[in-house]
Amino acid sequence: MKDFSERLMQQDKPMRVHLIGVAGSGMSGLASLLIGMGHRVSGCDRVTSAETERLQRAGLQFSSPHNAQSVSDADVVVYSSAIRDENVALFAARELGIATVRRAECLAAILATKDGVIISGTHGKTTTSAMSAHVLRRGAINPSHYVGAEIPVLGVNAHWDEKGEIMVAEGDESDGTLALYKSKHAVVLNVEEEHLDFYSGIDHIKDVFTTMLDRTSGSVIYCAECPVATELCAPREGSISYGWKDADYTAINLKEQGGIVAYDVIYKGKNLGRVELGVPGRHNVLNSLGAIALAGVCGVNFNETSRALSTFAGARRRFETKYLSSKLRVIDDYAHHPTELAATLQTARSLKPKRIVVLFQPHRFSRTQKLADDFGKALQAADRVFVTDIYPASELPIEGVTGQTIVDAVRANGKVQAEVVGAVPNAHHAVGNSLREGDMLITLGAGNVHEAGTKISKDYAVLEEIQRECGAGSDAKVALYEPMRKHSTMLVGGPAQYWVEPQTEACFAQAVKYCRDRGVAVRVLGRGSNLLVRDGGIRGVVIHPAKGVFGDVTVSGDTITAGAGVRFKKLASVAQKAGLTGFEWMEGIPGNVGGGLRMPAGALGTAPFD
């Protein structure tokens, strides 16, 4: 590892480094660092992405899909834990005798060229790493950084700064490679049972953290709220603690309002001043105390730290707002462990929505099996829960372990309504249709569950536009993904993308105009007699004029005025009571006026225009 670090620092002899799986967040970060250090970097992956396109502009030689030719002239090949031995590029590199190293080994070698800071823990690493890098940058420390997500306030997930001596890196503990890092400072946020596909239990996890701490030459900063972190760190000379009480750094006088948390920071009994943190949640207050402690060790004064934290805007997929209006807020969060779910839902509740609706995607079969009961308890903080199929990551299925396992655990631990919605591509239908005004929808999970939230956000914005077009006070009912089986006599059919029930002719006209002006498909649905809708549903807007003026029937002399939504059966009954004849044939037709005129309908040898 030392030799690799030394070669990385030989700027007059740039290395040819190839990264397999470069589109991933971790590997793309390495590419950014290596390019910044002046090396010749190439990479391959199954797909292209916005990140690979950005890296190509910065100098990356990118190829897709994976291929053997891309490694032919490489000095070293780096691969992620997701890459299997049979990968064509990795296999070719080994056949050619090219040095191959894991992602964490490469990061450890890069970190060793600076005064490294490892941010470690079971939860909160990305946010705390991003906070720390942001604070140090604002404190004129010129840090390099490596974070496992896109960070808007930092611009990129990884950056090499030649001028600075410090590098902040998020340390991944999932596969034991945390033990590879040799850093100047270490921050331990928490240590819990997690990644049990790799670890045998908590003692195995503690061993890996202990090795990392033994290799740390400077300060060890830890959260005193975590008993295991305290056990591992407190006995170490010069360790620095933070927490709610009985710690070196504490926070008091908390006030949560409008997505901001304000608090006073106390250091060993002295009030350093007030912080207005730019992201919500008590768990983020603890994360910020870790960043504050690190800033103090690195020489940033508290006033600079406080100002930096007030401008911190969070990381992608960490309580990220995807949509916000007066009717709905959609949040996406990476939480996939019970402790993380509990923290996220606590933060959500502090924003005081009418209801919290959760779409949760369990991550890994082994985690679901081991922690199902804890998930069931954590999800009691929601008002309604939908659960997708399990995101397997690299695991094979475990018999009897499914999304239903989580639903059963939720039901066993309380009265929260929970149901399975299957695969993510169609999960948004049931979730979106359940939403009410004032709801907060949270998509939770480390897989691709955010895609469902993105779809709902996009479609809900259109739905709100349609509702505005209908006019204030129109009382039109609008909904996403209305199941067409509810509106067909055949009782089958997938959802209508947008559902509109106008109450007035003006609203009807505006909805149609909106669709025509924007090229949105529009269909008008009557009673749904003999209507067969495919399982995939109907794209565009379905207008159902059944209530309001469309459901009115009036009699004036020998004239009956009936709205398009009036059923023939009702119309025949009104005519009979008014002593008017000629409508008897309508009694046996399972339709309404609008549909009957359009088709046209008929019975007993009579039709509407006879």
Side-chain angles (χ1 to χ4, degrees), residues 320-332 348 351 353-359 383-384 386 421 424-443 449-488 493-526 528 533-550 565:
E320 180 185 4
T321 296
K322 306 287 288 186
Y323 182 77
L324 178 62
S325 74
S326 61
K327 299 179 185 297
L328 177 70
R329 184 170 191 165
V330 179
I331 300 290
D332 178 52
L351 298 177
K354 290 183 179 179
R355 290 194 315 164
I356 295 175
V357 179
V358 166
L359 174 61
D383 296 293
R384 189 167 182 186
F386 296 89
V421 290
V424 166
N426 292 320
H428 62 292
H429 290 154
V431 178
N433 188 247
S434 75
L435 297 174
R436 305 174 190 166
E437 186 170 332
D439 281 352
M440 176 186 287
L441 168 63
I442 309 178
T443 54
V449 67
H450 59 93
E451 295 172 0
T454 299
K455 290 177 183 176
I456 290 172
S457 298
K458 181 180 178 181
D459 286 348
Y460 202 90
V462 172
L463 191 73
E464 289 207 66
E465 281 188 5
I466 294 171
Q467 192 168 35
R468 284 192 294 271
E469 288 291 321
C470 286
S474 67
D475 293 326
K477 175 192 172 182
V478 297
L480 284 182
Y481 319 132
E482 180 72 4
M484 294 305 294
R485 65 178 181 275
K486 293 182 178 181
H487 305 281
S488 166
Q497 186 177 12
Y498 309 105
W499 176 262
V500 180
E501 291 186 22
Q503 306 288 305
T504 66
E505 292 173 355
C507 175
F508 189 122
Q510 286 300 114
V512 172
K513 182 177 185 301
Y514 175 91
C515 296
R516 288 180 175 173
D517 287 349
R518 292 161 179 78
V520 178
V522 59
R523 292 172 175 82
V524 179
L525 175 70
V533 179
R534 67 187 183 96
D535 291 341
I538 300 174
R539 296 287 299 173
V541 175
V542 174
I543 300 176
H544 182 47
K547 298 180 180 179
V549 299
F550 304 105

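Predicted, not measured: the structure shown is a model, and the values here were computed from it.
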Fill in: For Y481, the option from I456, L463, N426 that meets side-chain contact (heavy atoms from CB on, under 4.5 Å)
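Going through the options one by one, the only one that passes is I456.
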
Worksheet item: Testing V542, V533, I543 for side-chain contact (heavy atoms from CB on, under 4.5 Å) with L525, which one passes?
Response: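 Testing L525 for a side-chain contact (heavy atoms from CB on, under 4.5 Å) against V542, V533, I543 leaves exactly one candidate, V542.
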
Worksheet item: Do the side chains of K547 and E501 get nearer than 4.5 Å, heavy atoms only?
Response: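 The answer is yes; the side chains approach within 4.5 Å.
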
For the student: nearest non-hydrogen atoms of [X] and [Y], plus distance:
{"X": "D383", "Y": "I356", "result": "OD2-N, 2.6 Å"}
{"X": "Y323", "Y": "S457", "result": "CB-OG, 3.5 Å"}
{"X": "R523", "Y": "R539", "result": "NH1-O, 3.5 Å"}
{"X": "C507", "Y": "A476", "result": "SG-CB, 3.7 Å"}
{"X": "L441", "Y": "L359", "result": "CD1-N, 4.4 Å"}
{"X": "P545", "Y": "V524", "result": "CD-CG1, 3.8 Å"}

How long is the span from the [atom1] atom in [X] to the [atom2] atom in [Y], to the nearest 0.5 Å?
{"X": "I331", "Y": "L351", "atom1": "CD1", "atom2": "CG", "value": "7.0 Å"}
{"X": "H428", "Y": "Y460", "atom1": "NE2", "atom2": "OH", "value": "15.5 Å"}
{"X": "Q503", "Y": "F508", "atom1": "CD", "atom2": "CZ", "value": "12.5 Å"}
{"X": "R329", "Y": "D439", "atom1": "CZ", "atom2": "CG", "value": "13.5 Å"}
{"X": "M440", "Y": "L328", "atom1": "CE", "atom2": "CG", "value": "9.5 Å"}
{"X": "H429", "Y": "F386", "atom1": "NE2", "atom2": "CZ", "value": "13.0 Å"}

Discussion item. With a 6.0 Å cut-off (strictly less than), is the heavy-atom count around CD of E465, excluding the residue itself, greater than 12?
Written reply: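 Yes, the 6.0 Å shell around CD holds more than 12 heavy atoms from other groups.
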
Practice prompt. Flag yes if more than 12 heavy atoms outside K322 fall under 6.0 Å of its NZ atom; otherwise flag no.
Written response: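 Yes, enclosed.
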
Do any N or O atoms from the side chain of [X] and from the backbone of [Y] form a donor-acceptor pair under 3.5 angstrom?
{"X": "S488", "Y": "M484", "value": "no"}
{"X": "E437", "Y": "K327", "value": "no"}
{"X": "D535", "Y": "G494", "value": "no"}

Worksheet item: Is any side-chain N of the basic residue among D459 and K455 closer than 4.0 Å to the acidic one's carboxylate O?
Response: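 No, D459 and K455 are not salt-bridged.
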
Worksheet item: Under 30°, 30 to 60°, or over 60°: which ring-plane class applies to W499 and H544, parallel, tilted or perpendicular?
Response: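 Because their plane-to-plane angle lies in the 30° to 60° range, the rings of W499 and H544 count as tilted.
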
